Colleague: 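The following block contains the structure, expressed as structure tokens.
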Amino acid sequence: MIWSRSLVPTLRENPRQAENLSHRILLRAGFVRPLGSGLYNLLPFGLRVTQKITQIIREEMNRIGGQEMFLSALSPRSLWDKSGRWDAYGDDMFRLRDRKAQDMALCPTHEEIVALIASKELRSYKELPQIWYQFQTKFRDEPRPRGGVLRTRQFTMKDSYSFDLDYEGLDRSFNLHHEAYSRAFTRMGHRFFVVEASGGLMGTGESAEFMVEASSGEDTSFVCPGCEYRANAEVAQGKPIPAPTLEAKREKIHTPGLKTVEEVAGFLDVKPSQLVKSLLYMRGGKPLLVLLRGDYELSEEKLKRTFGEDIVPATDEDARRYMGASLGFLGPQGIEVATYADKSLEGSDIYAVGANEDDYHIVGISLSGEANIREYLDLRRVRAGDICPKCDAVLTEKNTIELGHIFKLGTKYSEAIGARVVDEKGADRAIVMGSYGIGIERSMAALVDQYYADERMAWPVTVAPYEVEVISLGEAEVSSKIYDELSEIGVEAALDDRDVTPGVKFADADLVGIPYRIVVGPRGLKQGKVDIKNVATGEIITVRKEDAATKVRELLTKEKKDVGSS
RNA sequence: CGGGGAGUAGCGUAGUCCGGUUUAACGCGCCUGCUUUGGGAGCAGGAGAUCGGGGGUUCGAAUCCCCCCUCCCCGACCA
């Protein structure tokens, strides 16, 4: 790569719209350019990094027997009607109409497509298991794209799908993906960890996410410092922080207009943890009351997983009809409504609650005495400070970027689309599926978060846009000779031959992050020598100019081996 | 969708509150020439803007009023 003839549009200043680190650096280094909200163009350097990421994943997918395909990004509505996702996807799906007025979707994912292929092409259990994968542009009309390339409306995904006869087979395919992902992310240089996760729109099977800690991360993970427990905030469990027991006689108190936990607790002079939040929901036309300790938040995700997707918050009218009071003054006593409590309330019995009468609360009520609780469930969102569910350490909260997600689907899509095979007894069975995804551009951004330090980037050698950059300080002849030698021995080199001052070249090199640097300048050449710098460590070695190329290759070979084995 | 912020030359900004001395300014970048070259060079000259769009008020609008669009951040939402 000859710099003077290439497009590497670095920026001297921070672009106004870029607030988070990885976005700012990718922009300034000339890797990406925005096109619209959640839309990006990958420029040459950005493309090279994503191609290397892609190739690593491809190798690891092939290693577990994955077969690469390339599926259509455009698909007819009928397929999505079969799975119910034409409706379920809502506004997140890009839809369009063809010239014959047929509804089409720009695929946000490809379960339906692969299930269709399976339904047409797979007949017998003897053809299983199969793993199919692809690198594809996905389209999702996200409500709020953010973080540059971290969450976009069009992005590249490695998605794969496994097809097994039974759930034991699915476990094997799932584990194979777990291994492939671990190897792939390790080779890319990610310092990742794996968390328990939830499936969201995909379904309800077991799933795990591969996370990287990052300041700009938009996911929250809880990590136990004492054991191996790691979970996405959506599913994380924890033992509540113990709350002091409320010492109070039962008393009804006038609390006009006070609805929030802070207002009520402050007025009643109790701790938020001594208050019960009574949250009314409606499911299938029937009311359902959820009780929660005042200092915790409900997890909508857990609520839906426990009671079903159709559960919705009650309106004020619902509250009046079933509870006899407005939202904000509800309590668990003296009512007929089905009541469930979060486990955070188990630690104590006496609490302050809404009186089920507008503008009144009751202090000192006994849940065991007056509330008809059907079951104690895990319904709250865990907080930093909660106790690990598996040991006694205190959980810590981390901002994370989700690199990949592996997910046990089961037969949801194979049933819907009719992907079936006969088993060894000749009986017809729905194929058991799994689905697995890695966001490619996001993986690049996450690496910036991990490897940008001290005002400079240093990509891991396995994914760097180029392996070594030759900086010519007015020494065109020697520089291009070294560059040619590097190219000949198979090292990916960039030659900065521009007619600009040294400062500009060094500044751009710091942004672009090529991990090795050969500086060819008059100072060293007096002794016939050049400098080789390892950008990440800052270590500089001086070698004879004739030896520069082979020395760099040697360093690279060693480092690549280290990355692969770590 | 709720809340906040921002659109002025390729980029970063000032000017906007309080309309007119601004032919819309400054830095960087860009072009030409000379000098310079181990961390974002110096001098001289030059090009580049219908001030996000539309409408209105006014003798006069980047500046005031109305409508619209776009982008960013927080939240809701989200394989």
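Below, each value reflects all heavy atoms present in this structure, side chains not excepted, and no hydrogens, waters or symmetry copies. Reminder, nothing fancy here: chain letters follow the sequence lines and each chain counts from 1. What you are looking at is a predicted structure, and each value in this text was computed from that prediction instead of being measured.
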Colleague: Find the distance A/Ile518:CD1 to B/rG38:C1' and express it as a whole number of Å.
Modeller: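 After rounding, the gap between these two atoms is 16 Å.
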Colleague: Within the structure shown, what part of the strands sits under 4.0 Å from A/Pro9 by heavy-atom distance: base, sugar-phosphate, or nothing?
Modeller: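 No contact.
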Colleague: Please list, pair by pair, any protein nitrogen or oxygen found under 3.5 Å from a nitrogen or oxygen in nucleotides 42-44 of chain B.
Modeller:
none

Colleague: Can you tell me how far OH of A/Tyr413 sits from CG of A/Leu79, rounded to the nearest 0.5 angstrom?
Modeller: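 Those atoms lie 12.0 Å apart.
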Colleague: Let's test this: given Watson-Crick or G-U wobble pairing with both distances under 3.5 Å, identify the partner of B/rA14.
Modeller: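 No nucleotide pairs with B/rA14.
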Colleague: Need the pair for B/rA61. Rule: Watson-Crick or G-U wobble, both distances under 3.5 Å, any strand; none if unpaired.
Modeller: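 No nucleotide pairs with B/rA61.
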Colleague: When the C1' atoms of B/rG5 and B/rC78 are considered, how many whole Å apart are they?
Modeller: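 Roughly 24 Å separates the two C1' atoms.
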Colleague: In whole angstroms, how far is the P atom of B/rG39 from the CG atom of A/Asp531?
Modeller: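 One finds 12 Å between P of B/rG39 and CG of A/Asp531, rounded.
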Colleague: Whether the side chain of A/Arg151 and the base of B/rC78 hold a donor-acceptor pair under 3.5 Å is what I'd like checked.
Modeller: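 Per atom types, the contact qualifies.
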Colleague: Any base atoms under 4.0 Å from A/Arg517, or only sugar-phosphate, or nothing? Heavy atoms, all strands.
Modeller: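 Base, at least one base atom sits under 4.0 Å.
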Colleague: Taking only nitrogen or oxygen atoms into account, show me every contact under 3.5 Å that the protein makes with nucleotides 2-11 of chain B, one pair per line with its distance.
Modeller:
{"unit_1": "B/rU8", "atom_1": "OP2", "unit_2": "A/Arg16", "atom_2": "NH2", "d": "2.9"}

Colleague: Taking the P atom in each of B/rC69 and B/rG27, what is the distance between them to the nearest angstrom?
Modeller: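 B/rC69 and B/rG27 have their P atoms separated by 38 Å.
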Colleague: How about A/Trp459 and A/Phe31: are their ring centres within less than 6.0 Å of each other?
Modeller: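 Aromatic pair counts; centres sit under 6.0 Å.
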Colleague: How would you list, by chain and number, every residue that makes a salt bridge (Lys or Arg N to Asp or Glu O under 4.0 Å) with A/Lys398, sequence neighbours excluded?
Modeller: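 With sequence neighbours excluded, A/Lys398 shows a salt bridge (Lys or Arg N to Asp or Glu O under 4.0 Å) to A/Glu213, given in chain and number order.
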Colleague: Across all strands, who's sitting opposite B/rC43 as a Watson-Crick or G-U wobble pair, both distances under 3.5 Å?
Modeller: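 Paired with B/rG33.
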Colleague: Once salt bridge (charged side-chain N to carboxylate O under 4.0 Å, His left out) is applied, what residue pairs with a partner in residues 15-29 of chain A remain, sequence neighbours excluded?
Modeller: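 As it turns out, there is no salt bridge (charged side-chain N to carboxylate O under 4.0 Å, His left out) pair with a partner in residues 15-29 of chain A once direct neighbours are skipped.
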Colleague: With salt bridge (charged side-chain N to carboxylate O under 4.0 Å, His left out) as the rule and sequence neighbours excluded, what pairs involving residues 538-549 of chain A come up?
Modeller: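 Counting only pairs at least two positions apart or across chains, the salt bridge (charged side-chain N to carboxylate O under 4.0 Å, His left out) contacts touching residues 538-549 of chain A are A/Arg544-A/Glu546, A/Arg544-A/Asp547.
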Colleague: Under a 3.5 Å cut-off for both contacts, is B/rA6 paired Watson-Crick or G-U wobble with anything, and if yes, with which nucleotide?
Modeller: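 B/rU70 is the nucleotide pairing with B/rA6.
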Colleague: Distance-only criterion, 3.5 Å: show the donor-acceptor pairs between side-chain atoms of residues 499-509 of chain A and protein atoms not counting sequence neighbours.
Modeller:
{"unit_1": "A/Lys505", "atom_1": "NZ", "unit_2": "A/Ser472", "atom_2": "O", "d": "2.6"}
{"unit_1": "A/Lys505", "atom_1": "NZ", "unit_2": "A/Asp496", "atom_2": "O", "d": "3.2"}
{"unit_1": "A/Lys505", "atom_1": "NZ", "unit_2": "A/Arg498", "atom_2": "O", "d": "2.9"}
{"unit_1": "A/Asp508", "atom_1": "OD1", "unit_2": "A/Thr10", "atom_2": "OG1", "d": "2.9"}
{"unit_1": "A/Asp508", "atom_1": "OD2", "unit_2": "A/Thr10", "atom_2": "OG1", "d": "3.3"}
{"unit_1": "A/Asp508", "atom_1": "OD2", "unit_2": "A/Arg498", "atom_2": "NH1", "d": "3.1"}
{"unit_1": "A/Asp508", "atom_1": "OD2", "unit_2": "A/Arg498", "atom_2": "NH2", "d": "3.0"}

Colleague: To the nearest Å, how far apart are A/Asp141 CG and B/rC1 C1'?
Modeller: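 Atom-to-atom, A/Asp141 to B/rC1, this comes out as 14 Å.
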Colleague: According to salt bridge (Lys or Arg N to Asp or Glu O under 4.0 Å), who are the partners of A/Lys158, at least two apart in sequence or on a separate chain?
Modeller: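 Expected list: none.
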Colleague: What pairs of residues pass the salt bridge (charged side-chain N to carboxylate O under 4.0 Å, His left out) test when at least one of them lies in residues 432-456 of chain A, not counting sequence neighbours?
Modeller: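 Counting only pairs at least two positions apart or across chains, the salt bridge (charged side-chain N to carboxylate O under 4.0 Å, His left out) contacts touching residues 432-456 of chain A are A/Glu218-A/Arg442, A/Arg456-A/Asp510.
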Colleague: Can you pull out every salt bridge (charged side-chain N to carboxylate O under 4.0 Å, His left out) where at least one residue sits in residues 465-474 of chain A? Sequence neighbours excluded, please.
Modeller: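 Pairs touching residues 465-474 of chain A that pass the test: A/Glu467-A/Lys560.
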Colleague: A/His405 side chain: which of B/rC78, B/rG38, B/rA79 is closest?
Modeller: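 So the side chain of A/His405 is nearest to B/rA79.
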Colleague: At under 4.0 Å, does any side-chain N or O of A/Arg523 touch on OP1 or OP2 of B/rG38?
Modeller: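 Checking A/Arg523 against B/rG38: no side-chain N or O falls below 4.0 Å of OP1 or OP2.
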Colleague: Is it true that the side chains of A/His177 and A/Ser160 contain a donor and an acceptor less than 3.5 Å apart?
Modeller: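 Side-chain D/A pair, A/His177 to A/Ser160: present.
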Colleague: Please report the distance, rounded to the nearest Å, between CD in A/Glu111 and C1' in B/rA79.
Modeller: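 Rounded to the whole Å, the gap is 8 Å.
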Colleague: With a 4.5 Å cut-off on side-chain heavy atoms, are A/Tyr466 and A/Pro515 touching?
Modeller: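 No. Closest side-chain heavy atoms not under 4.5 Å.
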Colleague: Does anything in residues 22-42 of chain A reach RNA chain B, meaning a heavy atom under 4.0 Å, and if so which residues?
Modeller: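 The answer is A/Arg28, A/Gly36, A/Ser37.
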Colleague: Distance between the C1' atoms of B/rC18 and B/rC26, in whole angstroms?
Modeller: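 Rounded to whole Å, the distance is 23 Å.
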Colleague: Please encode protein proximity along nucleotides 31-36 of chain B as a string of B, S and -, counting only heavy-atom distances under 4.0 Å.
Modeller: ------
Colleague: Please give the nucleotide sitting opposite B/rC1 as a Watson-Crick or G-U wobble pair, both distances under 3.5 Å, or none.
Modeller: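 Matched B/rC1 with B/rG75 under the 3.5 Å cut-off.
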Colleague: In whole Å, I'd like the distance from the CZ atom of A/Phe506 to the P atom of B/rG38.
Modeller: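 Computing the A/Phe506:CZ to B/rG38:P distance gives 9 Å.
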Colleague: Would you kindly compare A/Tyr161 and A/Asp510 by the position of their nearest RNA chain B nucleotide and give the one closer to the 5′ end?
Modeller: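 In this pair, the answer is A/Asp510.
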Colleague: Measure from the side chain of A/Glu142, starting at C-beta and using heavy atoms only, and say which of B/rC78, B/rA76, B/rC71 lies closest.
Modeller: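 The answer is B/rC78, which lies nearest to the side chain.
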Colleague: According to salt bridge (Lys or Arg N to Asp or Glu O under 4.0 Å), who are the partners of A/Asp164, at least two apart in sequence or on a separate chain?
Modeller: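 A/Asp164: no salt bridge (Lys or Arg N to Asp or Glu O under 4.0 Å) contacts found.
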Colleague: Report the distance from atom CD of A/Glu218 to atom P of B/rA79, rounded to the nearest whole Å.
Modeller: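 Going from CD in A/Glu218 over to P in B/rA79 covers 12 Å.
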Colleague: Taking the P atom of each, how far is B/rA14 from B/rG7, in whole Å?
Modeller: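 Straight-line distance between the two P atoms is 8 Å.
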Colleague: Tell me, yes or no, whether the heavy-atom count around A/Glu297 atom CD, taken from other residues, nucleotides or ligands under 6.0 Å, exceeds 12.
Modeller: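 Counting other residues, nucleotides and ligands, CD of A/Glu297 stays at 12 neighbours or fewer.
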Colleague: One pair to check against side-chain hydrogen bond (donor to acceptor under 3.5 Å, both in side chains): A/Asp159 and A/Gln134. What are the steps and the verdict?
Modeller: CA-CA 6 Å; A/Asp159 46 325; A/Gln134 65 167 343; 3.0 Å; yes
Colleague: Relative to each other, are the rings of A/His190 and A/Phe185 parallel, tilted or perpendicular (30° and 60° limits)?
Modeller: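 Geometry flag for A/Phe185 against A/His190: perpendicular rings.
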Colleague: Does A/Tyr436 have its ring centroid less than 6.0 Å away from the ring centroid of A/Tyr181?
Modeller: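 Judged by ring-centre distance (under 6.0 Å), A/Tyr436 and A/Tyr181 do not meet the cut-off.
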